[in-house]
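Read the structure below first, then the notes.
Counting from 1, the numbers follow the sequence of the chain as shown. In what follows, every heavy atom counts, from backbone to side chain, and hydrogens, waters and symmetry copies are set aside.
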Amino acid sequence: MRQNHPQESHIDGNTGLGGNQAASQQQERRALFALGFAGFGSSAMMRVCDPMLPALAQDFNVTAGQASHTISAYAIAYGILQLIFGPLGDRYGKRRVIGIAALLCIVGNAIAVFAATLDLLIIARVLAGVAAAGIIPLSLAWIGDTVPYAERQAAMARYLTAILMGLIAGQWVSGVITDVWGWRWIFALLFVFFLVVGLALSLDRSIRREARRPMSGNGYIRDMIGVLTNLWAVWLLVVVTLEGAFVFSAMAFLPTFMHDEYGFGISVSSGIVALYGVGGMMYSFSARKLLSRFSEGGMAMLGGLLLTVSWLVVAVLDHWEWVLPATMAAGIGYYTLHSTLTTRATQMAPAARGTAMSLFAGCLFLGISIGVSLSGLVIDHISYRWVFAICALGLGLLASAFAYSLRMRDKR
């Protein structure tokens, strides 16, 4: 039986829910559809370097661990810039800022196309991460502003579909194009995509009419301090940091593991890893049914169990056939756990969701950058399997602790 939801504190700083309810819902669906396209591109850009690590290592004559700096550098830039984009979204309108951020994404991708050294490619990825920081977290904050808590996790699941499609495209299409034409064509494709999406969002009349919050001195500092002095919010930030470190360390190196350990080509390896996104889509389509049967603590435990078993299978079993179902199950597990965590995070600071969600996303990507960097060292000096085993056990313990904290909080 499901636990009670946290008390709803619904504050919409950008869009009104008054007036005709049907018209409001239609406008909400259109807005979510547009944000889904931007989220698709952001998610794809986030993961495009995963399958191309062997090609980058060969082209620039470096190790896979050194090539993985294209992933960790992106994550660091993405995480830090949350602290700027969140308050900007609260101040100028979340969708307006998302449109500008999408246009800025073309800069890093343009430089990546012509990068002659690994260092220049890393700089390009930093710039891309800086711009992309204003897309997914502000979209999640916008959903928090416009959708009541009781319906929010289902709405998150719909938005998640676009994110997962981007994840699959970013990993699989990147691998195929890298194999056929070379990795530079990936960044050229991203350049065109963000140019089109950024213009479409920026020229939308409803977005240009979004309300702006008046300038309020050190209001943003107060908003941030308000989140960081809330013990429950700090706990959620710690959880998402560790989640990012464990989940994405395992996923980032899986294509290279399949290439080095089993001799698969880059396109096949990236296709196998795309099953992670397929698993996530399976979750998004079954989210309503799962939410009707499990409490939020139960969802967290289910996600953690699937992640632990999946990555232990990859770490321990020496047969590539097991990697396929394990990868798909890991995708189901991650999005079951993460959607529960994200939905709770939207209630950290209802009056300043942009700022709160920016801290949340910043911590996620801080965890990713730390985890991928440390995992690169482990892989260069020990083995891939140690990384998968550590991530499996870490995720199991983390999900259990988070589920327990949810149960204790809901009993109050």
In the structure I gave you, are the side-chain heavy atoms of [X] and [Y] within less than 4.5 Å of one another anywhere?
{"X": "Ser202", "Y": "Leu103", "value": "yes"}
{"X": "Leu53", "Y": "Ile71", "value": "yes"}
{"X": "Val234", "Y": "Asn230", "value": "no"}
{"X": "Met45", "Y": "Arg125", "value": "yes"}
{"X": "Cys49", "Y": "Phe187", "value": "yes"}

Nearest 0.5 angstrom please: [X] [atom1] to [Y] [atom2], how far?
{"X": "Ser68", "Y": "Leu56", "atom1": "OG", "atom2": "CG", "result": "10.5 Å"}
{"X": "Ser400", "Y": "Leu305", "atom1": "OG", "atom2": "CG", "result": "9.0 Å"}
{"X": "Leu236", "Y": "Leu406", "atom1": "CG", "atom2": "CG", "result": "8.0 Å"}
{"X": "Ile111", "Y": "Ile122", "atom1": "CD1", "atom2": "CD1", "result": "13.5 Å"}
{"X": "Thr308", "Y": "Phe246", "atom1": "OG1", "atom2": "CZ", "result": "10.5 Å"}

Is the CH2 atom of Trp185 crowded by more than 12 outside heavy atoms at less than 6.0 Å?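 No, CH2 of Trp185 has 12 or fewer neighbouring heavy atoms, counting only those of other groups under 6.0 Å.
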Non-hydrogen atoms of [X] and [Y] that approach each other most closely:
{"X": "Val387", "Y": "Ser249", "result": "CG1-O, 4.2 Å"}
{"X": "Ser405", "Y": "Trp235", "result": "OG-NE1, 2.9 Å"}
{"X": "Ala132", "Y": "Cys105", "result": "N-SG, 3.8 Å"}
{"X": "Leu395", "Y": "Trp311", "result": "CD1-CD1, 4.1 Å"}

So, for Phe60 and Trp183, is the gap between ring centers shorter than 6.0 Å?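 Between Phe60 and Trp183, the centre distance is under 6.0 Å.
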Could you check, using the six-membered ring where one of them is a Trp, whether Phe37 and Phe193 have ring centers closer than 6.0 angstrom?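 No; Phe193 has its ring centre 6.0 Å or more from that of Phe37.
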Is the backbone N or O of Ile332 less than 3.5 Å from a side-chain atom of Thr336, with the two atoms forming a donor-acceptor pair by type?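 Such a contact is found between Thr336 side chain and Ile332 backbone.
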